[in-house]
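Here the structure is laid out as structure tokens; the discussion comes afterwards.
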Number of protein chains: 2
Amino acid sequence: MECAKFESQEHKKEMMAVQDSMDVLNGKWKIPIISSICFYSKRRFSDILNDVAGISNKMLSKELKELEINKLIRRIVLDTQPVTVQYELTEHGKTLQTIINNLTEWGIQHRKEIVGK
Amino acid sequence: MECAKFESQEHKKEMMAVQDSMDVLNGKWKIPIISSICFYSKRRFSDILNDVAGISNKMLSKELKELEINKLIRRIVLDTQPVTVQYELTEHGKTLQTIINNLTEWGIQHRKEIVGK
DNA sequence: CCGTATCCCCGGGGATACTG
DNA sequence: CAGTATCCCCGGGGATACGG
């Protein structure tokens with residue numbers, strides 16, 4: 001196989017992989033929600049509602065379901081009175097930690113770049 | 001300052017930073033577009049249109065503008081006939097490379113996790 | 001080739017109220 | 001507290017055609 005064609009195939013796979021990631025992490029809220037759970041290890045519904053600026057309970061509920069379906073988070077019901085619900089990252093969800101940390105660091109640098117300059 | 005409060009402040013800053021990042025990288029297309037340019041170093045309008053599955057020219061045009069405003073990419077017009085336009089990452093845009101690579105790798109692993117399991 | 005302009009539709013998602 | 005249910009609006013974004 002010629003080299004140019006090989007490279008092109010390779011880049012197509014990479015593009016697909018990136019878009020696969022973005023399909024799972026789609027929308028405005030997924031990353032911030034995961035970040036909230038990630039930073040605190042365990043987090044409750046109402047806590048996340050406060051952490052993620054601007055999200056509504058309806059959206060949060062929907063997004064949490066999707067994240068659970070994709071095996072990124074786990075929902076844990078504690079039988080207190082009234083009921084308490086904890087969310088935490090699965091092992092697979094924890095593989096996003098690097099990305100979260102990079103995005104955190106990048107957000108800080110970006111603010112400096114745009115505002116500071 | 002007590003420790004719990006300090007930690008809380010710290011996490012709030014982290015949450016803000018993540019959301020700052022997501023504001024810049026918002027929507028379905030920004031990351032794939034940047035990825036396309038990143039993988040190929042330089043890339044033309046119509047090439048990106050092909051790389052990013054499902055995007056319309058209208059959207060691509062809009063997104064490229066926003067990325068340029070945020071100093072992530074640079075638009076270079078070559079006076080060929082007809083006109084050719086190259087897009088490339090700025091120095092600041094290149095600081096996203098780590099994140100792109102992580103997302104690529106993660107996309108591959110995630111597919112294995114969901115499909116393979 | 002690289003976009004802009006227009007038209008037009010539908011569903012994402014906010015506000016609010018309610019349940020277990 | 002942790003969601004669900006309903007209503008309702010508006011703007012994101014596709015399709016298409018056109019301009020430099």
Side-chain angles (χ1 to χ4, degrees), chain A residues 8 18-19 22-38 40-70 72-90 93, chain B residues 8 19 22-37 40-70 72-90 93:
Chain A
S8 167
V18 170
Q19 293 200 278
M22 296 321 290
D23 284 346
V24 179
L25 306 173
N26 66 56
K28 199 178 171 182
W29 309 114
K30 295 267 168 47
I31 300 266
I33 289 169
I34 295 168
S35 300
S36 166
I37 300 171
C38 181
Y40 290 95
S41 297
K42 295 172 189 291
R43 206 73 176 140
R44 296 188 315 174
F45 189 88
S46 53
D47 292 329
I48 304 173
L49 209 53
N50 278 297
D51 292 340
V52 180
I55 198 172
S56 66
N57 57 348
K58 179 178 162 187
M59 268 299 102
L60 179 55
S61 175
K62 200 196 91 194
E63 300 286 65
L64 285 169
K65 268 182 202 158
E66 293 182 23
L67 291 174
E68 207 187 348
I69 288 171
N70 279 306
L72 297 181
I73 65 173
R74 199 181 353 257
R75 183 173 180 277
I76 295 165
V77 182
L78 306 171
D79 57 350
T80 52
Q81 190 54 256
V83 165
T84 308
V85 181
Q86 299 263 5
Y87 291 92
E88 58 183 50
L89 296 184
T90 60
Chain B
S8 167
Q19 294 200 279
M22 295 323 290
D23 283 346
V24 179
L25 305 173
N26 65 58
K28 201 179 172 181
W29 308 114
K30 296 268 167 48
I31 300 267
I33 290 169
I34 295 168
S35 299
S36 166
I37 300 172
Y40 290 96
S41 297
K42 293 171 188 292
R43 206 71 177 144
R44 296 188 314 174
F45 188 88
S46 52
D47 292 328
I48 303 173
L49 208 53
N50 278 296
D51 292 340
V52 180
I55 197 171
S56 67
N57 57 348
K58 179 178 159 186
M59 266 299 102
L60 179 54
S61 174
K62 200 197 94 195
E63 301 286 65
L64 285 170
K65 267 182 205 160
E66 293 181 23
L67 291 174
E68 207 187 347
I69 288 171
N70 278 307
L72 297 181
I73 64 173
R74 198 180 354 257
R75 183 173 180 275
I76 296 165
V77 182
L78 306 172
D79 57 351
T80 52
Q81 189 57 256
V83 165
T84 307
V85 180
Q86 301 262 3
Y87 290 92
E88 57 183 52
L89 296 184
T90 60

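In what follows, chains are A, B, ... by sequence order, proteins preceding strands, each numbered from 1.
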inquiry  = Which is more 5' along DNA chain D, the nucleotide nearest B:S56 or the one nearest A:P82? Just name the residue.
reply    =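 So the residue in question is A:P82.
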ask   = Does A:Y87 or B:I55 map to a spot on DNA chain D nearer the 5' end, using the closest nucleotide for each?
value =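 Nearer the 5' end of the strand: A:Y87.
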Taking only side-chain nitrogens and oxygens of [X], does any of them come within less than 4.0 Å of OP1 or OP2 of [N]?
| X | N | result |
| --- | --- | --- |
| B:T84 | C:dC2 | no |
| B:S61 | C:dG3 | no |
| A:K58 | D:dT4 | no |
| A:R75 | D:dA2 | no |

Closest nucleotide among D:dT4, D:dC1, C:dG14 to the A:S46 side chain =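 Of the options given, the side chain of A:S46 lies nearest D:dC1.
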Can any side-chain N or O of [X] pair as donor or acceptor with the backbone N or O of [Y] at less than 3.5 Å?
| X | Y | answer |
| --- | --- | --- |
| B:S35 | B:I31 | yes |
| A:S61 | A:N57 | no |
| B:Q19 | A:A53 | yes |

key: A:I55 side, atom CD1; A:I48 side, atom CD1 - distance, nearest 0.5 Å   =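 Answer for the CD1-CD1 pair, A:I55 versus A:I48, is 9.0 Å.
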query = When rounded to the nearest 0.5 angstrom, what is the spacing between CD1 in A:I37 and CZ in A:R74?
reply =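 Spacing of CD1 (A:I37) from CZ (A:R74) equals 11.0 Å.
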Nearest whole Å is fine: how far is [N] [atom2] from [X] [atom1]?
| X | N | atom1 | atom2 | answer |
| --- | --- | --- | --- | --- |
| A:K28 | D:dG13 | NZ | P | 12 Å |
| A:N26 | C:dG12 | CG | C1' | 12 Å |
| B:L60 | C:dC2 | CG | P | 10 Å |
| A:M59 | D:dA5 | CE | P | 14 Å |
| A:I33 | C:dG13 | CD1 | P | 11 Å |
| B:F45 | D:dG20 | CZ | C1' | 15 Å |
| B:D79 | D:dG20 | CG | C1' | 15 Å |
| B:D47 | C:dC1 | CG | P | 9 Å |

inquiry  = Within the 4.0 Å heavy-atom criterion, would you say A:K65 contacts the bases, only the backbone, or no part of the nucleic acid?
reply    =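 Touches sugar-phosphate only.
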query = Which comes earlier along DNA chain C counting from the 5' end, the contact point of A:V83 or that of A:E63, where each point is its nearest nucleotide?
reply =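 Looking at DNA chain C, the more 5' nearest nucleotide goes with A:E63.
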